[in-house]
Amino acid sequence: MALAAATEYGEEKEANPEPHGSNAMPHAKVDPELLRQLEHAAASDAPVGAVFCLRPAPSQKFIPPDEAEPLVRRILQRVEHEVGSAPEQLNVLKNLGSFVVSAGAPFVKKLLDQAEIASATANQQSEDPRIRPVESKRVRNPGQGRRKGN
Amino acid sequence: MTANIQEQLRATGIAQVIVVLKAALAPAATAGLSLTKSVPSPLPKSAAAGLDKYFTASKLSQDSELAQALTRKARREKAAQKGTTRVGLKVMASATGRVSAPKVRYFDHLGLLFGTVDRAGFKRLRADRRVHSVSGALEISLIRPVMVKSATATEPVTWGLDRLGIPDLWDKGFTGKGVLVGHLDTGVDGKHPALKTAIGAFAEFDLMGRPVPNSEPHDTDQHGTHTAGTIAGRKVGVTAFGVAPDALLASAIVIEGGNVVARILAGMDWVVGQGARVLSMSLGLRGYREDFLPVVQVLRARNVLPVFAVGNEGPGTSRSPGNYVEALSVGACDEDDHVASFSSSQRFRRRDNPLVPDLVAPGVNVVSSVPGGGYAQMSGTSMATPHIAGLAALLFQAKPTATADEVEAAIFASCERPNGMAEERGNRGIPNGPKALASLTGTAAPATATGTAKTPKKQRAGSGR
């Protein structure tokens, strides 16, 4: 796997020097499903959808919303310059310091190497996240649900 | 699957596994088979002799939960029948009525073993020459029987609101007025009589997490309208069922049309932008997944209280993001103060907040709204979670300057674990609205305060306003 700077969930690795000069930043946590999709897409040339969370600076609790979008643009321009292609789609979630991209596998792989990335997740997951009720029954009105008085 | 086991071992120290014996894969002997006996013989238990020592006996397995439930049932029936135990239970029950859970289960027709291992046991199993493979166990939830309910339509509130002492907070004027609660689910029926004035904002998102223009409140299922009703349903008939009946919802559809992470994150982002103080989310991915960790940390840092369901897969299980340190995770209890057998619980190998859920709340036979103007009774940790989100809304109204940490701490301080509720299942126990209010505002605690010791989750470096 050519994702040297990324760490799969749970792996405990010594941080290698970052590609952009900082060796203090820990590696991005990467969803194994995203790694699987990247491997698959490398053969098919299909775009990969991924969600990235940015790492706030050590002095910040979170990235201020008005700083999120410019920061994302800078990161994407840097990657674009290195890879030679641009993402097909982008959506910046400024309140969370996150962004969603749909891009070719080389672009997404290079994004994983960026020091500002805290984590990356495949946008499309195989598991349904809803927690379904264990039982359900129609009632005529809210008072019907009470089984005993007190 | 092995990666999944490793992930569980790292997070909790144990994992449920299925072991396939090599002998099970050997071609079945055909000699002696006839048309009347065409089923191969079971693989004798001796094929797995000694392998049980690699498994660990966990008090927090679905088997042990089932055993406890059977023990209770056996004792009840024994008492009712004056010493006569039903044949079906006699096999497993001892003279005291106690039913024991097996350490490992052997399925002789399949040549499989199923049980819980620690890291050392996992290694040894994989190294044993009789073992073909060790894989992560599928999550299995208990299927509960449907209960018969009486039709008493004259109660002023549902049992869940009563259990949490919510009417006492209403009497003090705290109904959630002025508080916006984030609600990420399957949507909400905006025409339901109990909800049509409760929706402050609504959104749905495309595959990239971009808002769909001109979206009107609607539910793609029933789940969202039910959970929304428990948070902020207005009283329409005789019985009130919404914890915060004057709160407003910022509700969004995030689990429709594929399992798209961007929708959930976009919903969280949107809820923060709307100014919600609480986020109620009855969804999650099975096991411990770090996908949502950075964003839940951001929610905390931005002073939004994340209230998440822990899952419906029983003991020894949990879902993310409900199992994060940063989440207020909610399990389900019933009207008799028992933790529901389906309610997930899990202990993690971490210093802060090692046990989930943080507390349990009414989650069995919960009546709330469903699309089309009707009502339904549902059970699940999804039903318990909005009770706590609603309680948090009442507390934020009582003290608008409170931080998310302060409201959470007040809820924790009000919790009491009823007699017989195991800490490993119910953690701090069940909260109490009036005591939480007293804790938050510094007023005298109600005279009924008899809570057990409470532990704050931790002091979060990233928390604040």
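By convention in this document, chain letters (A, B, ...) are assigned in the order of the sequence lines, proteins followed by strands, and residues within each chain are numbered from 1.
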**Report entry** Atom pair CG (D206(B)) and CD (Q89(A)), whose distance is rounded to the nearest 0.5 Å
**Finding:** 7.5 Å
Query raised in the report: Is D269(B) reaching over with its side chain to a backbone N or O of N95(A), donor-acceptor style, under 3.5 angstrom?
Result: yes
Requested in this report: Return the option, out of G363(B), S382(B), G284(B), with the maximum number of heavy-atom pairs under 4.5 Å with chain A.
Outcome: G284(B)
Query raised in the report: Side chains of Q377(B) and R138(A): do they bring a donor and an acceptor to under 3.5 Å?
Result: no
Report summary line: Of G237(B), S369(B), A262(B), A266(B), the largest count of non-hydrogen pairs under 4.5 angstrom with chain A goes to A262(B)
Report summary line: In this structure, CZ of F205(B) is separated from CG of L93(A) (nearest 0.5 Å) by 8.5 Å
Query - Side-chain heavy-atom pair P65(A), R302(B) within 4.5 angstrom cut-off - result: yes
Query - Heavy-atom closest contact (I255(B) atom, P129(A) atom, distance) - result: CG2-CG, 3.3 Å
Requested in this report: Could you grab the distance from atom CE of M268(B) to atom OG of S98(A), nearest 0.5 Å is fine?
Outcome: 9.5 Å
Query - From N259(B) atom CG to R130(A) atom CZ, the distance as rounded to the nearest 0.5 Å - result: 8.0 Å
Report task. Kindly compute the distance separating CG (N365(B)) from CD (E135(A)), expressed to the nearest 0.5 Å. Result -> 5.5 Å
Query raised in the report: Which bit of L34(A) comes within less than 4.5 Å of chain B, counting heavy atoms only: side chain, backbone, both or neither?
Result: neither
Report summary line: With P142(A) as partner, the option from T239(B), V236(B), V238(B) fulfilling side chain to side chain contact (heavy atoms under 4.5 Å, CB included) is T239(B)
Query raised in the report: Is there a donor-acceptor pair under 3.5 Å between the side chain of E127(A) and the backbone N or O of R286(B)?
Result: yes
Report summary line: In terms of heavy-atom pairs under 4.5 Å with chain A, the winner among P294(B), A376(B), G380(B) is A376(B)
Requested in this report: Report the distance from atom CD of E290(B) to atom SG of C53(A), rounding to the nearest 0.5 Å.
Outcome: 11.5 Å
Requested in this report: Taking N91(A) for its side chain and M208(B) for its backbone only, find out whether a donor-acceptor pair lies under 3.5 Å.
Outcome: yes
Query raised in the report: At a heavy-atom separation under 4.5 Å, does T381(B) approach chain A through its side chain, its backbone, both, or neither?
Result: side chain
Query raised in the report: Given the rule in the side chain to side chain contact (heavy atoms under 4.5 Å, CB included) test, do V261(B) and V100(A) qualify, once you have shown the distances and angles that lead to the verdict?
Result: CA-CA 9 Å; V261(B) 173; V100(A) 189; over 6 Å; no
**Report entry** Contact leader toward chain A among V370(B), L293(B), L265(B), where contacts are heavy-atom pairs under 4.5 Å
**Finding:** L265(B)
Report task. Return yes if some donor-acceptor pair links the side-chain N/O of H223(B) with the main-chain N/O of I131(A) below 3.5 Å, else return no. Result -> yes
Report task. Answer with side chain, backbone, both or neither: which region of T186(B) has an atom nearer than 4.5 Å to a non-hydrogen atom of chain A? Result -> side chain
Query - Leading residue by heavy atom contact count with chain B [cutoff under 4.5 Å; candidates L90(A), L54(A), D128(A)] - result: D128(A)
**Report entry** Heavy-atom proximity to chain A below 4.5 Å, by part of D221(B)
**Finding:** side chain
Query - Note: R289(B)-D31(A) ion pair, threshold 4.0 Å (strictly below) - result: yes
Query raised in the report: Is chain B contacted by the side chain of A50(A), its backbone, both, or neither, given a heavy-atom distance below 4.5 Å?
Result: neither
